[in-house]
Amino acid sequence: MTFTRRNFFTFSGSVAALSLFNRAEAMPVEPPTRYDGDFDIVIVGGGGAGLSAACAASELGASVLVLEKRPFLGGSSLITDAMFAVGGTKLQKSRNIKDSPELYAKDLYEVGKHFNQKGLPEALAYAALRQYEWMESVLNVHPFTLEHQGGQSVPRSHQFKAPEVIEAMTKFARNHGVT
């Protein structure tokens with residue numbers, strides 16, 4: 001095999017990826033064998049999606065239990081770029097970017113070559129804007145940049161600091177009685 005620059009980067013990337021799986025983890029010496037409790041909602045996974053669901057459910061008055069396999073919350077959300085595609089934000093307006101949930105949904109249909117289930121792109125686009133506004137107004141977390149990525153007709157990817165978002169959601173959930 002000829003050793004090219006492409007092979008080098010592929011090999012280096014593979015080695016770097018494998019190193020992620022070899023990290024030591026703090027695990028309880030005696031993990032609990034029994035869980036007792038009565039909850040309205042049980043969420044499996046304490047990453048960004050699970051914590052977001054826990055926050056929403058607790059706001060509505062539900063008793064919530066979040067189960068997480070790791071000794072800390074955050075899941076794979078902690079190792080992402082924390083990009084959140086949202087149309088119609090104040091940040092976009094402040095930069096004279098004309099976007100809306102309707103345009104976001106239109107872009108989603110185009111990227112999906114119109115094989116999308118009718119109504120789902122609209123539901124996603126409107127829910128994303130509500131979540132984004134909640135994150136800014138309630139959690140007081142804000143993106144530090146706005147990028148234009150593939151499939152977007154305008155810059156729509158708002159980048160957050162993932163640990164900051166997870167910490168804010170965790171604090172909110174705990175303050176609202178989430179176990």
Side-chain angles (χ1 to χ4, degrees), residues 39-70 72-179:
F39 298 92
D40 297 322
I41 297 174
V42 176
I43 298 170
V44 179
L51 287 172
S52 181
C55 291
S58 68
E59 266 189 313
L60 295 172
S63 61
V64 182
L65 171 67
V66 175
L67 301 175
E68 172 55 47
K69 67 182 175 186
R70 298 175 79 63
F72 55 87
L73 293 172
S76 63
S77 296
L78 289 175
I79 59 171
T80 67
D81 286 339
M83 288 287 193
F84 188 8
V86 186
T89 66
K90 289 178 189 172
L91 179 58
Q92 288 173 307
K93 289 173 187 162
S94 75
R95 295 185 181 182
N96 294 318
I97 297 168
K98 295 183 184 347
D99 198 9
S100 65
E102 295 84 6
L103 181 57
Y104 183 14
K106 180 179 180 243
D107 288 351
L108 290 171
Y109 278 114
E110 288 179 20
V111 167
K113 308 230 184 280
H114 296 272
F115 287 107
N116 320 59
Q117 183 175 336
K118 185 106 172 93
L120 284 183
E122 291 87 356
L124 170 67
Y126 282 100
L129 183 56
R130 282 193 309 273
Q131 176 73 11
Y132 177 91
E133 290 172 344
W134 178 83
M135 289 169 59
E136 282 202 318
S137 65
V138 175
L139 297 183
N140 196 30
V141 293
H142 307 277
F144 62 90
T145 190
L146 178 63
E147 295 186 17
H148 194 166
Q149 295 188 327
Q152 298 175 355
S153 58
V154 297
R156 183 178 294 131
S157 291
H158 299 71
Q159 188 171 19
F160 290 82
K161 293 178 182 170
E164 181 183 330
V165 174
I166 295 299
E167 182 180 331
M169 279 199 240
T170 300
K171 181 179 177 184
F172 181 92
R174 288 189 173 140
N175 287 344
H176 285 79
V178 173
T179 302

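Residue numbers count from 1 along this sequence. When reading the values below, keep in mind they use all heavy atoms of this one structure, side chains included, and skip hydrogens, waters and symmetry mates.
The number of heavy atoms from other shown groups lying within 6.0 Å of CD (Q117) does not exceed 12. Residue E167 places its CD atom among 12 or fewer non-hydrogen atoms of other residues, nucleotides or ligands, all under 6.0 Å distant.
Distance check, rounded to the nearest 0.5 Å: CD1 of I166 to CG of L78 gives 5.5 Å. Considering CD of E102 and CG of D107, their distance stands at 12.0 Å, rounded to 0.5 Å.
A salt bridge between K106 and E110 is present, with a side-chain N of the basic residue lying under 4.0 Å from a carboxylate O of the acidic one.
By the 30° and 60° cut-offs, the orientation of the rings of F160 relative to F84 is tilted.
Side-chain atoms of Q131 and Y126 form no donor-acceptor pair, as typed in the model, at a separation below 3.5 Å. Remark: the Q149 side chain and the S157 side chain contain an N/O donor-acceptor pair separated by less than 3.5 Å. Side-chain N/O atoms of Q92 and D99 include a donor and acceptor closer than 3.5 Å.
Taking every heavy atom of both residues into account, T89 and H158 meet most closely at OG1-NE2, 2.8 Å. Contact record, P101 with L129: CG-CD2, 3.8 Å, taken as the closest heavy-atom pair. Of all non-hydrogen atoms in A128 and A85, the two that sit nearest each other are CB-O, 3.8 Å. Nearest approach of G151 to V111, heavy atoms of both residues: CA-CG2, 3.5 Å. Scanning all heavy atoms of the two residues, the minimum distance from E68 to G46 falls at OE1-N, 2.7 Å. Shown here for A168 and V141, the closest heavy-atom pair between the two residues is CB-CG1, 3.8 Å.
Using a 4.5 Å cut-off on side-chain heavy atoms (C-beta onward), V64 and D40 make no contact. For the pair Y132/L91, a side-chain contact is recorded, criterion being any heavy-atom separation below 4.5 Å from C-beta on. Within the 4.5 Å cutoff, the side chain of K118 has no heavy atoms near those of the P121 side chain. With contacts defined as side-chain heavy-atom distances shorter than 4.5 Å, the pair R174/L73 qualifies. Between I41 and S63 the shortest side-chain heavy-atom distance does not fall below 4.5 Å. When side chains are defined from C-beta on, E122 counts as touching Y109, because their heavy atoms get closer than 4.5 Å.
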Before giving the answer on side-chain contact (heavy atoms from CB on, under 4.5 Å), spell out for S58 and F172 the whole-Å C-alpha distance, their side-chain angles and the decisive distance to 0.1 Å. CA-CA 9 Å; S58 68; F172 181 92; 4.1 Å; yes
